[in-house]
There are 2 protein chains.
Amino acid sequence: MTLDERKKKILESIIRDYVETAEPVGSRAMVKKHDLRISAATVRNEMADLEDMGYLEQPHTSAGRIPSERGFRYYVDCMMEKEPPGEREYALLQQLFEHNVEDWEQVILGIAHFLSQMTRYASFVIVPAAKFSEFRNLQLLPLDQGKALLLLLSDMGVIMHRIISIPELVSSQDLQAIAELFNQAFRGKRLEEVKRSDLQLIRESLSQRRRIIDNALEAIDNLLQNSRDEKVWVSGALNILNEPEFKDMEKLKRILNVLEEDDSLRQIIPGELGEAVDIKIGRENSVEEIQEMSLVVAGYKSFGELGKIGVIGPVRMEYWKAVGTVEIVRDIIEDYLKGLG
Amino acid sequence: MTLDERKKKILESIIRDYVETAEPVGSRAMVKKHDLRISAATVRNEMADLEDMGYLEQPHTSAGRIPSERGFRYYVDCMMEKEPPGEREYALLQQLFEHNVEDWEQVILGIAHFLSQMTRYASFVIVPAAKFSEFRNLQLLPLDQGKALLLLLSDMGVIMHRIISIPELVSSQDLQAIAELFNQAFRGKRLEEVKRSDLQLIRESLSQRRRIIDNALEAIDNLLQNSRDEKVWVSGALNILNEPEFKDMEKLKRILNVLEEDDSLRQIIPGELGEAVDIKIGRENSVEEIQEMSLVVAGYKSFGELGKIGVIGPVRMEYWKAVGTVEIVRDIIEDYLKGLG
DNA sequence: ATTAGCACTCAATAAGATAGAGTGCTAACA
DNA sequence: TGTTAGCACTCTATCTTATTGAGTGCTAAT
């Protein structure tokens, strides 16, 4: 289904006006604003056509037109030119790396935060689950008075550190020996492959020093159970307070609650992502609570796994800006992570 | 200024009704509800007195009365009996410690989260700045391919871990020697006392292996600069969406924004705290944006420093519940932290 | 194919009417 | 002297009714 140039022009004008004002767009006002060289009556005819085709809709008979979700979809697929962020924003984004003090998760979080500020929509990041990363190294370091630091490293960096208690009389060599046991058993394995039965095996193979082993095992076991899932972060959720479509308190509550709950978000964000930025408009989302919102998501490679970053905003979204910005941010993250390897 | 029994009873009734309904309380309805054994007319007289004394106010001449901030203050100071959480909640709270996998900051965060669920207000925690903790141990562990793990421990646990790059040909003994240098210089010092000049000193005293030292120093220096401040966490901020006094969107925005910004919160929460739970009602708060809210805060001892935990809600707050709950939660946190030592 | 003109529609706003909860005051009562 | 019933009055919230104005669809002329 392809539209002639004039219809396209009109659809685009309506979309841009509507995105800006959140009000239905009338024929007269539109002709004036964009000074198209046709009359309002002609525009009305074209609008009626576009409505028949399903690209526009009318809140009520005597109101202007607003783009339907299908209208947005057509625009996004066939007409949109993405708009990368300006020089100034780009420079600010780069600055985030100058004081590179944080660990990489923190850096990505910072980037996501900035993404929400640039777009004025809520942003989210999904960091792949640590369970997919590769076991590198387990360390047991003696601390004072019957305590030791258990340290677990994978190719993603430090995955866990926890202070465990040990008998008073264990030597640092003993600890190293125990750690070595873990290392031999697990080196190169993915964390998800480390099963409880493996843990059990180690326990049995080394029955002396049982207390240390037990404590270490318990910590690791807990880690494996609790960190199975990828991490989800949202920032700038309050941006939706500025959108007129959410002036209704009930709607607002529903949506903010969804944005606050990790589990809901995991469901919302598409599982598979291609190279290109993915857009879900309104009811294209399967989760009911956010069928009045749109998603713009990009995937990034993180230690061989798929991470995700994007924004979530009203259907009446500046897709051109959102797509341009998310894309750049994705590229920057990938570059950064590549630099870490 | 003390009130006779009847006035107290009336003030309390008004407060409880108003807290529950958020509506002005009229004489007739009140007499019926609480079946006081006096007539509405008498109550009206008493109300007029209480209004003269400044404990009640009238939104407009023909409305009922609502408690003034001073009224709440009187109630809180002279009449209130705090109400600890029920058995069931207490049990749930205890459960939080069963799967004690997290590090202690995470545990405290979990407790604060639970606090917001119990009270239905926003809760906050302030964790004292790491700069006050005592340097214990610096470790440099070799990883693969020109990388090492820098680990900084204080009495508060692991303060920092960061992967730094090192020349390919450094032995594990070399790393240990370097770490030992830091340890001798800093052991027992408070982090806040470690000055840049000290760092400089180490750098000069060991000019070979400069690259490792430089990288380590930079990481530490960054840490010292960036972790100066205490950490603030808020949870359950969305609870205020349920309060009728914040149905106005502008008010809501202002308040949620304050709750989201660490710096604003730091200003809001009183710096000094005694043994008892501290209550700030409405305009007793100095920060303008939250002068329609009340604070209930308790301090807890954390590694010798003062941490804070509490709730923030509308002036029309169930102070009795809030105080009871915050107090219990504070005690539980202190017990927990004591157990860590 | 385009456009001017006109009757019609409908939400949003304003203006007026009503109801109801609550007060303050007065006078009677224990 | 403290308490209470009664009553006139006040004021908001709500409901009704008009009015306005932006916008449409249709028809006829260009």
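Here is the naming used below: chain letters follow the sequence lines, and residue numbers restart at 1 for every chain. Because the structure is a prediction, the values reported are computed rather than measured. Side chains are part of it too, since the values below use all heavy atoms of this structure and drop only hydrogens, waters and symmetry mates.
A sub-4.0 Å separation between OP1 or OP2 of dC10(C) and a side-chain N or O of Thr61(A) is present. Using a 4.0 Å cut-off, some side-chain N or O of Thr42(A) falls inside it from OP1 or OP2 of dT3(C). Distances shorter than 4.0 Å separate some side-chain N or O of Arg65(A) from OP1 or OP2 on dG25(D).
Heavy-atom neighbours of Arg266(B) CZ from other residues, nucleotides or ligands within 6.0 Å: above the threshold of 12.
Atoms CG (Leu56(B)) and P (dG22(C)) sit 15 Å apart, rounded to a whole Å. If you take CD of Glu57(A) and P of dG23(D), they are 18 Å apart, rounded to a whole angstrom. When rounded to the nearest whole Å, the span between CD of Glu23(B) and C1' of dT12(D) equals 11 Å. For Ile66(B) and dT12(D), the CD1 to P distance is 14 Å, given to the nearest whole Å. In this entry the distance linking CD1 of Ile10(B) with P of dT23(C) reads 12 Å, nearest Å. Between the NE2 atom of His60(A) and the P atom of dG25(D) there is a distance of 13 Å, given to the nearest Å. Atom P of nucleotide dG20(C) and atom CZ of Arg28(B) are separated by 14 Å, given to the nearest angstrom. Atom C1' of nucleotide dT23(C) and atom CD of Glu46(B) are separated by 16 Å, given to the nearest angstrom.
Between Ala41(A) and Ala29(A), the one whose closest nucleotide on DNA chain D sits nearer the 5' end is Ala29(A). Along DNA chain D, the nucleotide closest to Arg44(B) and the one closest to Ser62(B) are compared, and the more 5′ of them pairs with Arg44(B).
Counting only distance, with no hydrogens or angles, the side chain of Tyr121(A) and the backbone of Glu318(A) share a donor-acceptor pair below 3.5 Å. In this structure, Glu292(B) contributes its side chain and Pro314(B) its backbone to no donor-acceptor pair below 3.5 Å.
For Gln58(B), counting side-chain heavy atoms from C-beta on, the closest listed nucleotide (dC11(D), dT3(D), dT23(C)) is dT23(C). The side chain of Ser39(A) lies closest to dT3(C) when the candidates are dT3(D), dG25(D), dT3(C).
Ring geometry, Tyr75(A) versus Trp320(A): the interplanar angle exceeds 60°, so the pair is classed perpendicular (tilted spans 30 to 60°).
Using a 4.0 Å cut-off between a side-chain N of Lys or Arg and a carboxylate O of Asp or Glu, Lys251(B) and Glu245(B) do not qualify as a salt bridge.
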